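Every number for a ligand or one of its atoms is a count from 1 in the order of the listing. All figures in this text were calculated on a predicted structure; none of them were measured in a lab.
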Amino acid sequence: MHVQSLRTGVSRFSTWLPARLVDAVLLAGVVVAASTGFASILAGTASDAWVFWLHGIAGVVLVGALAAKLARVRHRLSGSWNWTVRISVALTVVAVLALATGLAWTLGVVEQVGPFTGLVLHAYVGIALVPIFLVHLYSRFRTPTKQDASRRNALKLSATLVAGAVAWRLTRVLGPARRFTGSTERGSDDGNRFPVTSWVADDPDPVDAADWTLSVTGRVDERLDLDESVVLGDEGPRPSGSRTTSGDAVATSEQRALLDCTSGWYSEHDWRGVQVGDLLDAADADPDADWVRFTSVTGYRWSLPREEAERALLATHVDDARLSHGHGYPLRLVAPGRRGFQWVKWIDSVEVRDRADPAQWVVTLVSGFD
Ligand SMILES: Nc1nc2c(c(=O)[nH]1)N[C@H]1C(S)=C(S)[C@@H](COP(=O)(O)O)O[C@H]1N2
Ligand SMILES: [Mo]
């Protein structure tokens with residue numbers, strides 16, 4: 001295409017929507033992209049797929065709106081670079097990076113950049129964008145006026161949204177196969193041969209099973225301290241018939257479940273271990289206590305609502321193989337529908353509680369830093 005006709009194309013496009021509407025689209029796009037980006041960290045079941053759709057649609061709409069905006073404001077670069085202009089330039093650079101990394105991940109162009117997956121890089125850039133965007137808004141925000149609220153503009157806005165949705169679908173079709181979360185498949189049904197990941201810095205020495213016990217405490221009538229002979233038979237937990245300290249049976253359970261890491265991969269396996277509900281029964285847990293917290297030997301921890309926790313598994317085996325150290329030997333949480341970072345590894349404590357544990361958010365981020 002001729003440079004000249006490209007230029008007229010962009011400038012026509014940039015005046016198609018009135019300037020203030022372009023700005024409104026940019027504001028709405030960033031708000032939607034940022035909030036769905038943060039929400040995606042917790043979105044793990046098919047019913048959460050809309051979070052990723054909104055995020056992707058906001059992304060492609062932002063590409064168009066940003067192009068229109070830049071065509072309109074680039075002349076300011078030839079004026080004096082006061083601090084508002086400098087903030088705008090910084091914002092442009094970070095926004096272009098955020099959009100490029102997001103698009104590159106969807107299209108499968110950039111899977112890994114140094115130590116980061118393309119998705120993690122996108123997340124960091126996105127997080128960096130938020131404060132710069134707020135400062136930019138503070139310095140330049142104008143509210144839309146009455147004259148922008150015409151039927152014609154409403155139609156144009158709808159057309160923008162539809163075009164965004166179509167373009168986003170297209171990127172999904174053109175890119176590699178991904179789960180609705182954006183993750184690609186790695187090492188399913190192949191025992192321990194799937195990626196070993198820590199959320200931030202957790203990296204303990206291998207746990208010596210001889211020195212290890214699993215305690216079940218908190219709102220229970222009968223505290224349990226299970227040593228490895230009870231929990232870790234060669235084939236998994238001893239089948240019904242073997243006894244805990246309180247005399248209750250710990251049966252072996254199996255579950256097929258999919259681990260989906262927020263860094264952009266997933267892996268599906270048959271897991272074997274103890275069902276948490278069975279452990280809580282053995283400990284006579286108070287039926288009114290609504291939360292169960294799982295804690296690693298490192299202190300890393302997560303809590304689940306009681307009913308969900310009872311269906312979860314404390315796994316010793318993956319596809320018939322004993323869990324390797326990297327995957328959480330001797331015991332890890334298998335929490336179907338939850339994102340990978342909630343599948344606590346190297347567990348030595350289960351606690352029945354009345355409340356959730358907000359501090360877990362901080363602990364998962366700092367666990368492993370000494
Ligand atoms: N104790 C502990 N458990 C943890 C983590 C961690 O850093 N510490 N990382 C979590 C993250 S981010 C993921 S994706 C899964 C990865 O499990 P894997 O290493 O077996 O693949 O473990 C989770 N469990
Ligand atoms: Mo993860």
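What sits closest to atom 15 (C) of ligand 1 on the protein, heavy atoms only, is Gly340 O, 3.4 Å. Nearest protein neighbour of atom 24 (N) of ligand 1, counting heavy atoms only, is Trp343 O, 2.9 Å. Looking from atom 7 (O) of ligand 1 to the surrounding protein, the closest heavy atom is Trp199 N, 3.1 Å. For atom 21 (O) of ligand 1, the closest non-hydrogen atom on the protein side is Pro195 O, 2.6 Å. Residue, atom and distance of the protein heavy atom nearest to atom 3 (N) of ligand 1 are Lys345 N, 2.9 Å. In this structure, atom 20 (O) of ligand 1 lies nearest to the protein heavy atom His327 ND1, 2.5 Å. When only non-hydrogen protein atoms are considered, atom 17 (O) of ligand 1 lies nearest to Arg332 NH2, 3.0 Å. Among protein heavy atoms, atom 11 (C) of ligand 1 sits closest to Phe341 CA, 3.4 Å.
The shell of residues lying under 4.0 angstrom from ligand 1, judged by heavy atoms, excludes Gln342. Asp260 does not count as a contact of ligand 1, since none of its heavy atoms falls under 4.0 Å from the ligand. Using a 4.0 angstrom heavy-atom cutoff, Trp265 counts as in contact with ligand 1.
Within ligand 1, the atoms closer than 4.0 Å to a non-hydrogen atom of Gly326 are 19 (O), numbered from 1 in the order shown. The contact set between ligand 1 and Cys261, taken as ligand atoms under 4.0 Å from a residue heavy atom, comprises 14 (S). The ligand atoms of ligand 1 that sit less than 4.0 angstrom from a heavy atom of Phe194 are 20 (O), 21 (O). Of all atoms in ligand 1, listed by their number and element, those nearer than 4.0 Å to a heavy atom of Ser296 are 1 (N). Those atoms of ligand 1 with a heavy atom of Val344 less than 4.0 angstrom away are 3 (N), 24 (N).
Remark: the backbone N or O of Phe194 is paired with a side-chain donor or acceptor of His327 at under 3.5 angstrom. When atom types are taken as modelled, the side chain of Glu308 and the backbone of Pro305 share no donor-acceptor pair closer than 3.5 angstrom. Remark: side-chain polar atoms of Arg311 are not paired, donor with acceptor, to backbone N or O of Pro336 under 3.5 angstrom. Of the possible donor and acceptor atoms, none in the side chain of His55 sits under 3.5 Å from a partner among the backbone N and O of Ser40. At distances below 3.5 Å, not a single donor-acceptor pair connects side-chain atoms of Asp260 with backbone N or O atoms of Ala43.
Across the listed options Val297, Asp202, Thr197, Thr197 owns the non-hydrogen atom lying nearest to atom 16 (C) of ligand 1.
Tested against Leu214, the residues Leu331, Asp225, Val274 include a single side-chain contact (heavy atoms from CB on, under 4.5 Å) partner, Leu331. Here the options are Leu26, Leu27, Val25, Leu21, the test is side-chain contact (heavy atoms from CB on, under 4.5 Å), and the partner is Asp23; only Leu26 passes.
By the 3.5 Å distance cut-off applied to N or O atoms, Trp346 is not counted among the residues near ligand 1.
Taking the side chain as every heavy atom from C-beta outward, Tyr300 and Val344 approach each other to under 4.5 Å. By the 4.5 Å heavy-atom criterion applied to side chains, Thr101 and Trp105 are not counted as neighbours. Proximity of Asp354 to Arg219: side-chain heavy atoms (C-beta onward) are separated by under 4.5 Å at one or more points.
Proximity of Arg339 to ligand 1, defined as any heavy-atom pair under 4.0 Å, is not found for any part of the residue. With a 4.0 Å cut-off on non-hydrogen atoms, Thr364 does not touch ligand 1 at all. Within the 4.0 Å heavy-atom criterion, both parts of Ser198, backbone and side chain, lie near ligand 1.
Residues Trp271 and Trp343 place their aromatic rings such that the two centres sit under 6.0 Å apart.
Linking Ile, Leu, Val, Met, Phe, Trp and Tyr residues whenever their side-chain heavy atoms come within less than 4.5 Å places Leu314 and Leu304 in a single cluster.
Between Trp361 and Phe341, the ring planes lie tilted relative to each other; the angle falls in the 30° to 60° range.
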